[in-house]
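This report refers to the structure that appears directly beneath it.
Quick note on labels: first sequence line is chain A, next is B, and so on, each numbered from 1.
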Amino acid sequence: MKSDRILGAVTLAVAIAMGALASQFQAPFSYEPIGPARYPILLAILIGACGAWLLVKPGPPAPWPGGALLRKVVLMFAALIGYALVFEPLGFMVATALLTFALGLLFDGTWKRVLVGGLLLGPGLYILFDRLLDVVLPLGTLWAFR
Amino acid sequence: MSTLTHLGSGFAVALAPMNLAVAAIGCFIGTVVGMLPGLGPINGVAILLPLAFALKLPPETALILLAAVYIGCEYGGRISSILINVPGDAGAIMTAIDGNPMAKKGLAGVALSISAWSSFVGSIIATVGIVLFAPLLANWALAFGPAEYFALIVFAFCCLTGMIGDRPIKTALATLIGLALASVGIDANSGVYRFTFDSVHLADGIQFIVVVIGLFSVSEILLMLEQTHAGETVVKSTGRMMFNLKEMAETWWGTIRSSVIGFVIGVLPGAGATIASAVTYMTEKKLTDTEGTFGKGDIRGVAAPEAANNSAAGGAFVPMLTLGVPGSGTTAVMMGALTLYNINPGPLLFDQQPKVVWGLIASMFIANVILLVMNIPMIRIFTRMLAVPNWLLVPGIAAVSVVGVYAVHATTFDLLLMTAIGIVGYVLRKMDFPMAPLILAFVLGDMMEQNLRRALSISNGDVAVLFESGISIGFWVLSIAMLVGPRLYRRFRPKALAAA
């Protein structure tokens with residue numbers, strides 16, 4: 001199965017859903033000949049057409065990573081989503097230290113170096129942004145202090 | 001001579017200590033980002049934009065920072081091209097062809113200094129070009145109505161579709177995805193909630209910063225996982241650091257020619273530094289390469305593309321500042337930055353925000369002087385930084401990006417949306433979808449819809465209004481030419497070229 005085909009099918013489905021949603025947009029009062037619905041419907045039609053084209057005439061398959069690399073990419077997805085989820089509960093310092101361990105290992109850092117990197121980067125960036133540059137960052141809602 | 005007066009007041013803005021410091025910081029960061037393979041100007045500008053906003057920098061200062069980063073990247077890309085034969089950014093691809101052989105001959109120092117010099121010349125010529133032509137273009141654009149604007153935006157998209165990527169259908173789809181993302185949120189004209197799925201977080205639309213960071217930071221570091229530059233060795237011995245007068249004379253006219261060509265290419269929407277450096281390298285090869293030394297470490301082959309990519313970067317500011325329609329991904333991000341400050345670029349910008357425009361232009365002159373100093377006498381600081389390992393660099397980029405996004409609204413929702421957009425962006429990029437049209441469409445989406453609806457309101461729904469004035473007809477004709485032209489050229493070009 002060519003990846004272009006799958007994408008084409010997904011695009012077509014999204015376009016249909018988009019068109020269906022958009023056709024329900026109705027302005028309570030209308031001041032102009034073109035309401036809020038026409039333009040998104042036009043976009044949905046064009047997107048659908050592109051999707052159909054990809055479905056019918058797919059290009060050469062994309063070079064997806066396989067094996068160990070694929071595992072790394074998936075782990076990195078997980079690490080980034082995890083970072084977003086623990087950012088507020090654990091706070092910037094802890095979350096960033098954990099992220100540095102995870103990503104560092106994925107990028108072939110050794111255990112020792114990554115550990116040191118994380119312990120420096122977390123608090124270091126916190127001091128730089130929160131204390132010096134006045135960008136407020138979370139300390140962590142899980143911890144008792146503050 | 002009101003231009004000179006304005007420029008003078010611009011220098012007053014640019015020379016304020018804060019702006020001067022920000023320009024120097026931007027130059028430094030830009031050179032580093034440009035030098036690091038995998039990160040280019042759009043990533044640098046994207047990562048710094050939310051920070052500039054979070055630090056509550058005034059608009060002119062924020063823009064000066066981003067512009068300095070942009071120009072700095074065009075300087076920095078050459079360093080890794082020359083020393084490790086891996087272009088630091090797309091504009092520096094051509095520089096590697098002669099730059100790395102020069103370095104292997106023991107002339108790395110000369111290659112670095114002459115390319116810094118030609119970058120400087122290119123950039124200064126482009127900035128003078130902005131001063132001369134931007135006010136004229138802005139004046140002309142004052143006559144644009146909604147129909148003309150709509151046609152102009154379509155023209156910008158067609159340029160990208162015609163020029164970028166091998167499959168126009170994917171560029172078109174990327175553009176449409178950008179337009180669709182831009183339509184999320186409350187419709188300004190009717191107050192209807194569109195595609196918000198009853199989420200408070202989406203009522204305002206998808207935040208520009210979230211999209212930019214997702215596409216150009218998160219997806220970039222995912223791609224970096226796959227790029228290993230094994231087998232490339234850093235050229236250690238740099239030899240003589242400074243070029244001599246003979247070498248300067250040898251490259252002089254090529255540098256000037258390339259700067260002018262680069263500026264013109266930069267002004268056109270769609271074509272940017274990458275195309276400019278390729279075109280000028282080929283031009284110089286044809287014009288001056290009588291002994292077949294290009295590709296084997298010819299100094300003229302280093303100077304020309306570097307002059308061109310810098311002047312193209314300067315040229316790219318012209319449509320953004322004068323028409324409010326950026327021609328490249330990087331200038332699209334900068335325009336997004338301006339709209340965050342509620343400043344709408346366009347022909348009126350020169351009248352309404354002289355401080356921002358002229359401050360920016362003046363600071364571009366200053367940034368180039370700073371960059372010349374950083375890139376010749378202080379070059380060793382940067383070459384050492386090529387050794388920063390990815391296991392530290394990548395988490396750093398990720399954390400700084402998240403700080404920027406979090407600073408805007410302080411919600412986990414934005415962080416998750418950013419990650420999701422990054423993952424989708426990664427998948428699309430793996431499938432050869434270009435990201436510049438997507439971000440350009442996202443920035444211009446609202447403007448496109450508003451102008452279309454305004455034009456149709458005036459005509460009471462008659463579509464013919466879009467094809468009435470000479471200017472809009474001109475844009476429509478050019479749009480079709482841009483879509484069809486490159487494909488016809490590919491089909492009918494001489495066989496010899498196709499084989500090369």
Name the option with the most non-hydrogen atom pairs under 4.5 Å to chain B; the candidates are [options].
{"options": "A:A49, A:A84, A:P36, A:G104", "value": "A:P36"}
{"options": "A:G118, A:G117, A:P65", "value": "A:P65"}
{"options": "A:T110, A:V73, A:L125", "value": "A:V73"}
{"options": "A:L69, A:L99, A:T96", "value": "A:L69"}
{"options": "A:G124, A:C50, A:A62, A:G109", "value": "A:C50"}

>> Is there a side-chain contact (heavy atoms from CB on, under 4.5 Å) between A:L54 and B:K170? Walk through the geometry before answering.
In response: CA-CA 9 Å; A:L54 284 177; B:K170 292 194 171 174; 4.2 Å; yes
Considering only heavy atoms from C-beta outward, does the side chain of [X] approach that of [Y] to under 4.5 Å?
{"X": "B:M418", "Y": "B:V402", "result": "yes"}
{"X": "B:M448", "Y": "A:Y39", "result": "yes"}
{"X": "B:T411", "Y": "A:E88", "result": "no"}
{"X": "A:F107", "Y": "A:M76", "result": "yes"}
{"X": "B:L392", "Y": "A:R113", "result": "no"}

Using heavy-atom distances under 4.5 Å, tell me whether [X] contacts chain B through its side chain, its backbone, both, or neither.
{"X": "A:T100", "value": "both"}
{"X": "A:R38", "value": "neither"}
{"X": "A:Q24", "value": "neither"}
{"X": "A:P58", "value": "backbone"}
{"X": "A:L105", "value": "neither"}
{"X": "A:I47", "value": "both"}
{"X": "A:F101", "value": "neither"}

> What's the shortest heavy-atom distance between B:L49 and B:A337, and which atoms?
Replying inline: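 Nearest heavy atoms, B:L49 then B:A337: CD1-CB, 3.2 Å.
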> Which atom names give the shortest non-hydrogen contact between B:Y193 and B:A203, and what distance separates them?
Replying inline: CE2-CB, 3.8 Å
Among [options], which residue forms the greatest number of heavy-atom pairs with chain A at distances under 4.5 Å?
{"options": "B:L55, B:V403, B:L393, B:V400", "result": "B:V403"}
{"options": "B:L51, B:I169, B:L456", "result": "B:I169"}
{"options": "B:I177, B:V218, B:I221", "result": "B:I221"}
{"options": "B:V192, B:L428, B:D187", "result": "B:V192"}
{"options": "B:K430, B:R194, B:K56", "result": "B:R194"}

So which part of [X] gets closer than 4.5 Å to some heavy atom of chain A, the side chain, the backbone, both or neither?
{"X": "B:F413", "result": "neither"}
{"X": "B:Y406", "result": "side chain"}
{"X": "B:L452", "result": "side chain"}
{"X": "B:F433", "result": "side chain"}

> Heavy-atom count around A:W53 CH2 within 6.0 Å, excluding the residue itself: above 12?
Replying inline: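 Atom CH2 in A:W53 is not crowded, with 12 or fewer foreign heavy atoms closer than 6.0 Å.
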>> Would you say CZ of A:F77 has more than 12 non-hydrogen atoms from neighbouring residues, nucleotides or ligands within 6.0 angstrom?
In response: yes
> Does anything in residues 420-427 of chain B get under 4.5 Å of chain A by heavy atoms, and if so which residues?
Replying inline: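 From residues 420-427 of chain B, the residues near chain A are B:I423, B:Y426, B:V427.
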If only atom types and distance count, is the side chain of [X] paired as donor or acceptor with the main-chain N or O of [Y] below 3.5 Å?
{"X": "B:N43", "Y": "B:S217", "value": "no"}
{"X": "B:R429", "Y": "B:L215", "value": "yes"}
{"X": "A:S23", "Y": "A:A20", "value": "yes"}

> Pick one: which of B:V394, B:L225, B:N390 meets side chain to side chain contact (heavy atoms under 4.5 Å, CB included) with A:L103?
Replying inline: B:V394
> With sequence neighbours excluded, what pairs up with B:E468 under the side-chain hydrogen bond (donor to acceptor under 3.5 Å, both in side chains) test?
Replying inline: none
